[in-house]
Amino acid sequence: MAIKFKNIIDTPCGLRFIFSKLNLSSTLSRTLVLESEIITSDKEIETAYDELKQIDRIFSKGGDLYHLKHKIKLKLSHLKDIRRTLKKLNEGFVLDDIELYEIKHLAIISEDIKELEGELIPDFVKLPDLKSVISILDPEDKKIGSFYIYDKYSEELKIARDHLKCTGVPTPEIMNLISSIEDEVRKNICIELKKSAKVLNDSLSGLSKTDILIAKSEQISELKLSIPSLSQSETKYRALFNPEVSEILRLNKREFQPVDICFKAGRPLLITGSNMGGKSVTLKTLALSQYLFQFCFGIPAKEASVPIVDNISYCSGDEQDYKKGLSTFAAELKRIDTTLKLSRSGIKVLALIDEPAGTTNPKEGTALAAGLIRILEKTTRFSVVTTHYNLDNVTCQKLKVTGLVNGKMDYSLSELDGGVVPYEALKIAESLHIRSEERRVGKECRSRW
């Protein structure tokens, strides 16, 4: 079953933040983004990003439609989700006055935006001609958004209503006659409108797509994202950053330090370093970026080259499944087992595992983490594991967090020499002004291991 955006939005990697920063004009567009399915086709990814580039070029500052973007977005804000109404129309139901108003309202918005855009809009969001729909629903050419069964629809209806006005007596006979004629008018209107059911759906789709693409384009500029390229066997980011963490730091007058990272298919990447080294944030950002790529958003990096996978498995060791009565360690093993089963089923998995076996003793934890790396090398398409253990007996790609330099944490990643993780926990404690007595106890504990 395809992964929908709404099903993974609360994955602890920052997707909810990205969605909250997507300035969509209509509730329909919001619903469509949440209902959208992850893309696993090269062609679809390339097409989607090509469309985003075109919209970005047209509506960004200096683009042909930049000066009209506010007006277009204002009109898009009135767009409603009338998919159910259009489905009823296509199936031959007679619509009520509210539903007919919804169709008229859609047609007016579409024609207004079409006039603003002119011939500058690309074909993939070009709107169909709905003048005939407006003509059906506005026979008196009043050019107002509301809908009413006008006298012009039926001479018989006009006569009956005039009679009612003259007498001022709403007898059951005259009221039933008027109601019967109005029902017949609605039926005839719907018969005529059904001929335009497809173009109405096309218009609704084109308008919502325009709204979503403009919002994604604006987000690229506002969050300083980039449009990635499609890769086949290598994931590569230059100046990768986490937008949510970056904003939190900025509010505290601090800056996020971006990282460069690259890993290849079939070769696990091990990121080592002490706690507080940014390993978990990097892993979360990798999960976030892969999801954003396969839902065709901008990517939080200066440059990105990303391959398509069928499933993103993010395993964080600090989660605990209380409802199932599992400890942190047991819940972690269950999640890792699920990841490995997915990989063995033949689908392409990006496995992101944070501090495996980090809650058990160091000797067993080191052995378990090393064993996991060897299994991942044989099973997963792409995998990244973080740890603060020394795994010098595995042959995977290894990067380390640079660590403390002159009392300041450097979060950049570099090749790990010799497989030994630097002991920096006590240095970090000192930088946080932890008392000397606690640091002395820490040194004694380290010497025992």
Side-chain angles (χ1 to χ4, degrees), residues 1-2 4-7 24-37 72 74-115 124-158 160-161 175-213 215:
M1 187 172 65
K4 290 191 174 183
F5 193 91
K6 64 181 179 182
N7 298 135
L24 295 163
S25 300
S26 72
T27 54
L28 169 60
S29 301
R30 179 184 176 86
T31 300
L32 290 176
V33 170
L34 289 170
E35 290 178 353
S36 64
E37 296 183 350
I72 291 171
L74 186 61
K75 291 188 179 296
L76 286 169
S77 69
H78 298 291
L79 194 61
K80 306 296 181 186
D81 187 354
I82 65 167
R83 288 176 293 175
R84 182 174 175 274
T85 296
L86 294 180
K87 185 173 184 289
K88 286 178 66 177
L89 176 68
N90 194 48
E91 291 174 351
F93 286 88
V94 176
L95 305 181
D96 61 29
D97 288 2
I98 293 175
E99 291 166 328
L100 290 171
Y101 155 74
E102 290 174 339
I103 291 176
K104 181 180 179 182
H105 189 61
L106 167 65
I108 290 172
I109 291 172
S110 182
E111 283 300 307
D112 285 350
I113 291 179
K114 185 179 176 185
E115 185 176 344
F124 59 85
V125 285
K126 191 157 282 185
L127 301 172
D129 190 332
L130 295 184
K131 290 188 181 69
S132 62
V133 170
I134 295 175
S135 177
I136 292 170
L137 296 171
D138 189 18
E140 296 182 0
D141 197 26
K142 291 183 178 293
K143 293 183 172 61
I144 55 176
S146 59
F147 176 75
Y148 175 68
I149 303 292
Y150 299 101
D151 291 349
K152 195 165 183 178
Y153 281 119
S154 166
E155 184 63 27
E156 187 181 4
L157 177 63
K158 184 179 183 307
R161 284 175 173 171
M175 297 309 295
N176 287 337
L177 176 62
I178 290 173
S179 178
S180 175
I181 297 171
E182 287 178 346
D183 287 344
E184 187 65 23
V185 168
R186 290 189 192 90
K187 180 180 177 182
N188 291 333
I189 288 173
C190 291
I191 289 171
E192 285 301 307
L193 285 178
K194 187 179 178 181
K195 299 172 185 176
S196 300
K198 183 182 183 305
V199 291
L200 284 164
N201 273 294
D202 289 345
S203 177
L204 188 65
S205 176
L207 290 168
S208 57
K209 188 172 184 177
T210 300
D211 185 17
I212 292 168
L213 288 172

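Ile98 CD1: 12 or fewer foreign heavy atoms inside a 6.0 Å radius. Glu35 CD: more than 12 foreign heavy atoms inside a 6.0 Å radius. Counted within 6.0 Å of NZ on Lys126, heavy atoms from surrounding residues, nucleotides or ligands total more than 12; the atom is thus considered enclosed. Other residues, nucleotides and ligands contribute only 12 or fewer heavy atoms inside 6.0 Å of the CZ atom of Arg30.
Taking CD of Glu184 as the start and OG of Ser179 as the end, the distance is 12.0 Å to the nearest 0.5 Å. A distance of 9.5 Å separates NZ in Lys152 from CG in Asp138, rounded to the nearest 0.5 Å. Once rounded to the nearest 0.5 Å, the distance linking CZ of Phe147 with CD of Glu99 reads 11.5 Å. A distance of 9.5 Å separates CG in Leu76 from NE2 in His78, rounded to the nearest 0.5 Å. Ile189 CD1 to Lys104 NZ: the interatomic distance, rounded to the nearest 0.5 Å, is 10.0 Å. Note that the NZ atom of Lys209 and the CG atom of Leu127 stand 12.0 Å from one another [nearest 0.5 Å].
A donor atom on one side chain and an acceptor atom on the other are found under 3.5 Å apart for Ser110 and Ser203. The closest side-chain donor-acceptor pair between Ser26 and Asp211 falls under 3.5 angstrom.
A donor-acceptor pair is defined here as one N or O able to donate and one able to accept, closer than 3.5 Å; such a pair exists between the side chain of Thr210 and the backbone of Gly206. Between the side chain of Ser208 and the backbone N or O of Leu204 there is at least one donor-acceptor pair closer than 3.5 Å. Looking at Glu91, its side chain never comes within 3.5 Å of a backbone N or O of Lys88 through a donor-acceptor pair. Within the 3.5 Å criterion, the main-chain N or O of Leu28 finds no donor-acceptor partner in the side chain of Lys80. With Ser36 contributing its side chain and Val33 its backbone, the two residues share a donor-acceptor pair below 3.5 Å.
Residues Asp183 and Lys187 form no side-chain contact, since every pair of their non-hydrogen atoms from C-beta on lies 4.5 Å or further apart. Between Asn90 and Leu200 the shortest side-chain heavy-atom distance does not fall below 4.5 Å. In this structure the side chain of Pro139 reaches within 4.5 angstrom of the side chain of Tyr153, judged on heavy atoms. The shortest side-chain heavy-atom distance between Glu182 and Leu157 falls under the 4.5 Å cut-off. Under the 4.5 Å side-chain criterion, counting only non-hydrogen atoms from C-beta, Leu79 is not in contact with Ser25. Contact check for Arg186 versus Leu95: no side-chain heavy atoms found under the 4.5 Å cut-off. Proximity of Ile191 to Asn188: side-chain heavy atoms (C-beta onward) are separated by under 4.5 Å at one or more points. Contact check for Lys114 versus Asp129: side-chain heavy atoms found under the 4.5 Å cut-off.
The shortest heavy-atom contact between Leu137 and Tyr150 is O-CE1, 3.9 Å. Here the shortest heavy-atom pairing between Ala107 and Leu130 reads CA-CD1, 3.7 Å. Nearest approach of Val199 to Pro128, heavy atoms of both residues: O-CG, 3.3 Å. In terms of heavy atoms, Leu100 sits closest to Leu193 at CD2-CD1, 3.7 Å.
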Full working for salt bridge (charged side-chain N to carboxylate O under 4.0 Å, His left out) between Glu111 and Lys131
CA-CA 7 Å; Glu111 283 300 307; Lys131 290 188 181 69; 3.4 Å; yes
For side-chain contact (heavy atoms from CB on, under 4.5 Å), just list the numbers for Thr31 and Arg83, CA-CA rounded to whole Å, side-chain angles, deciding distance to a tenth of an Å, and then say yes or no.
CA-CA 12 Å; Thr31 300; Arg83 288 176 293 175; 3.7 Å; yes
Full working for side-chain contact (heavy atoms from CB on, under 4.5 Å) between Ile103 and Thr85:
CA-CA 8 Å; Ile103 291 176; Thr85 296; 4.1 Å; yes
